[in-house]
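Working notes, beginning with the structure itself.
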Protein chains: 2
Amino acid sequence: MFKVLVVEDDGNLRKLMSAALKQNGYEPFTAEDGEAALDLLEKTSIDIVISDIMMPNMDGYELTTSLRRANFEMPILLVTAKESFEDKQRGFMLGVDDYMVKPIDVNEMILRVGALLRRAKMASEHSLVVGNCVLDYDAQSVRFGAAQAETIPQKEFLLLFKLLSYPNKIFTRRQLLDELWGMESEVDERTVDVHIKRLRERYNSNPNFEIITVRGLGYKAVKLV
Amino acid sequence: MFKVLVVEDDGNLRKLMSAALKQNGYEPFTAEDGEAALDLLEKTSIDIVISDIMMPNMDGYELTTSLRRANFEMPILLVTAKESFEDKQRGFMLGVDDYMVKPIDVNEMILRVGALLRRAKMASEHSLVVGNCVLDYDAQSVRFGAAQAETIPQKEFLLLFKLLSYPNKIFTRRQLLDELWGMESEVDERTVDVHIKRLRERYNSNPNFEIITVRGLGYKAVKLV
DNA sequence: TAGTTTGTTTACATAAAGTTCACAATTAAA
DNA sequence: TTTAATTGTGAACTTTATGTAAACAAACTA
């Protein structure tokens, strides 16, 4: 389910938008202003941001700038009170993807969100999200929240990716060797243990997942979120 | 230079749009209706399509459907006579990326085209700005702030330009060889390393970007601004 | 509880990948 | 034509990843 962050200081409108999103199969999150939004974005992996421009503390433009600067690449849809060319120009320069003019037509909003997500999906396909942790298959990297993505050794990555792709599913060492090392691999089963150990060392204190030993059978990953 | 296809039966409007596009650094192509557009799309690699909805022979919706069915994935921007929700809904369903309502504001059109192209990740201009650093493709030069622009060796320039055109995207050595040296080049992959080394030597202490090695995969550029 | 099985951890050897250097070949400039 | 700049190569070197073996620890079993 796609996570949509609605940033809007008007409580009624916020509720209205949330409701419409929920009704259309999205998972809405809300924030009252840019600062609250940034906080939330650190913790949660939001797929698309819909933000009002005029807000207390931090307005829509500042929010956009902050996000792009922090290398967040999700689509941003700004809501403007008046249809002004200068505003739009400024927004597009900063990295805004689309505009809506108030009063908002929630049906149109749903359509635009869909179009933006569809377009954005093309960009990075092979990725896996667990809480605020994102595994990028192509970059062989792991990122937590807004932190810098870290590329990790291939075997470790594949192992983690496989386990997290099927949370709670138990994999035997043999299965993992067959799938990640190749059927004919002559590698010792203990090798899996060693890589598990390395992964645990790397991500021991993260709050998103844990690799569990299932004695006599193998290993599994569980989500903690 | 980006190729924009304008599909519009009104000759005057077509000219107006073409002119505006050309003036803003795009290469405009035109077609009078959907069928003519399809013909042209077969022959030319168009980056983005702007199409009127109401046209003889094949309208904007049919054109969209045909394109998506043929796996063309460029952004499509439809121009509608009236702002009707049903129309928009239909369009977004079919795979339209954005709408503009007539009468067209050409400035807004340029902005929307820019935003769509940026989102489509095709972004690549004739000059590229990273922080206070400017790469000029035509002059094959790099300039920092107000300093004198410095022309650098071609291979180094192309390499840097390519990497910075898609920040954070990882390129394999093979990809870079194919794209910068040509598909059939017999050059050793190590050669890329050598050029990377030279670039790093040249720009090691600049605060705008950095070339990162992604072990096992290739190289990527990251913006530090 | 002692012994057995299974899983964890460590240190190390080897392989794989990336960097650097000196130089030769090529191209462009003076 | 001479000189300088650019580009590619191969080998030495550095760093990182991976697998093995053995010691250690925990869990099960009789």
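Residue numbering restarts at 1 for every chain, and letters A, B, ... go by the order of the sequence lines.
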**Study point:** side-chain contact (heavy atoms from CB on, under 4.5 Å) partners of T44(B), counting only residues at least two apart
**Key:** K3(B), F29(B), L40(B), I46(B)
Study note, to complete from the structure: A37(A) meets the side-chain contact (heavy atoms from CB on, under 4.5 Å) criterion, sequence neighbours left out, with L5(A), V7(A), A31(A), L63(A)
Check your understanding: Excluding sequence neighbours, so at least two apart, what forms side-chain hydrogen bond (donor to acceptor under 3.5 Å, both in side chains) with T213(B)?
Key -> R200(B)
Review point. Going 5' to 3' along DNA chain D, which nucleotides are the first and last within contact of chain B (any atom under 4.0 Å from a heavy atom)?
Key: dT6(D) to dA17(D)
**Study point:** Along DNA chain D (nearest heavy atom to each residue), the more 5'-positioned of I152(A) and E156(B)
**Key:** E156(B)
Point to revise | Reading 5' to 3' through nucleotides 25-30 of chain C, protein heavy-atom contacts under 4.0 Å coded B for base, S for sugar-phosphate only, - for none | key: ------
Exercise for review: With sequence neighbours excluded, tell me which residues meet side-chain contact (heavy atoms from CB on, under 4.5 Å) with V214(B).
Suggested key: T151(A), I170(B), L217(B), K220(B)
Point to revise | Results of side-chain contact (heavy atoms from CB on, under 4.5 Å) for R202(A) - residues two or more places apart only | key: E150(A), I152(A), P153(A), E156(A)
I'd like a list of close polar pairs between nucleotides 7-10 of chain C and the protein, N/O only, cut-off under 3.5 Å.
from    : atom 1 : to      : atom 2 : distance (Å)
dG7(C)  : OP1    : G216(A) : N      : 2.8
dG7(C)  : OP2    : R173(A) : NH1    : 3.4
dT8(C)  : OP1    : R200(A) : NH1    : 2.9
dT8(C)  : OP1    : T213(A) : OG1    : 2.6
dT8(C)  : OP2    : Y219(A) : OH     : 2.5
dT10(C) : OP2    : K197(A) : NZ     : 3.2

Practice item. Take the protein atom CG of L199(B) and the nucleotide atom P of dT19(C), then report the distance between them rounded to whole Å. Key: 13 Å
Residues 191-199 of chain B side chain polar contacts: donor-acceptor under 3.5 Å, at least two apart:
from    : atom 1 : to      : atom 2 : distance (Å)
T191(B) : OG1    : D188(B) : O      : 3.1
D193(B) : OD1    : R173(B) : NE     : 2.7
D193(B) : OD1    : R190(B) : NH1    : 3.2
D193(B) : OD1    : Y219(B) : OH     : 3.4
D193(B) : OD2    : R190(B) : NH1    : 2.6
K197(B) : NZ     : E201(B) : OE2    : 2.4

Check your understanding: Which residues satisfy the salt bridge (Lys or Arg N to Asp or Glu O under 4.0 Å) test with K169(A), sequence neighbours excluded?
Key -> none
Review point. Listed by chain and number, what are the salt bridge (Lys or Arg N to Asp or Glu O under 4.0 Å) partners of E189(A), not counting sequence neighbours?
Key: none
Practice item. Taking side-chain hydrogen bond (donor to acceptor under 3.5 Å, both in side chains) as the test, write out the residues that go with Q175(B), two or more places apart. Key: T172(B)
Review point. Between R174(B) and D178(B), does at least one N-O distance fall below 4.0 Å, as a salt bridge requires?
Key: yes
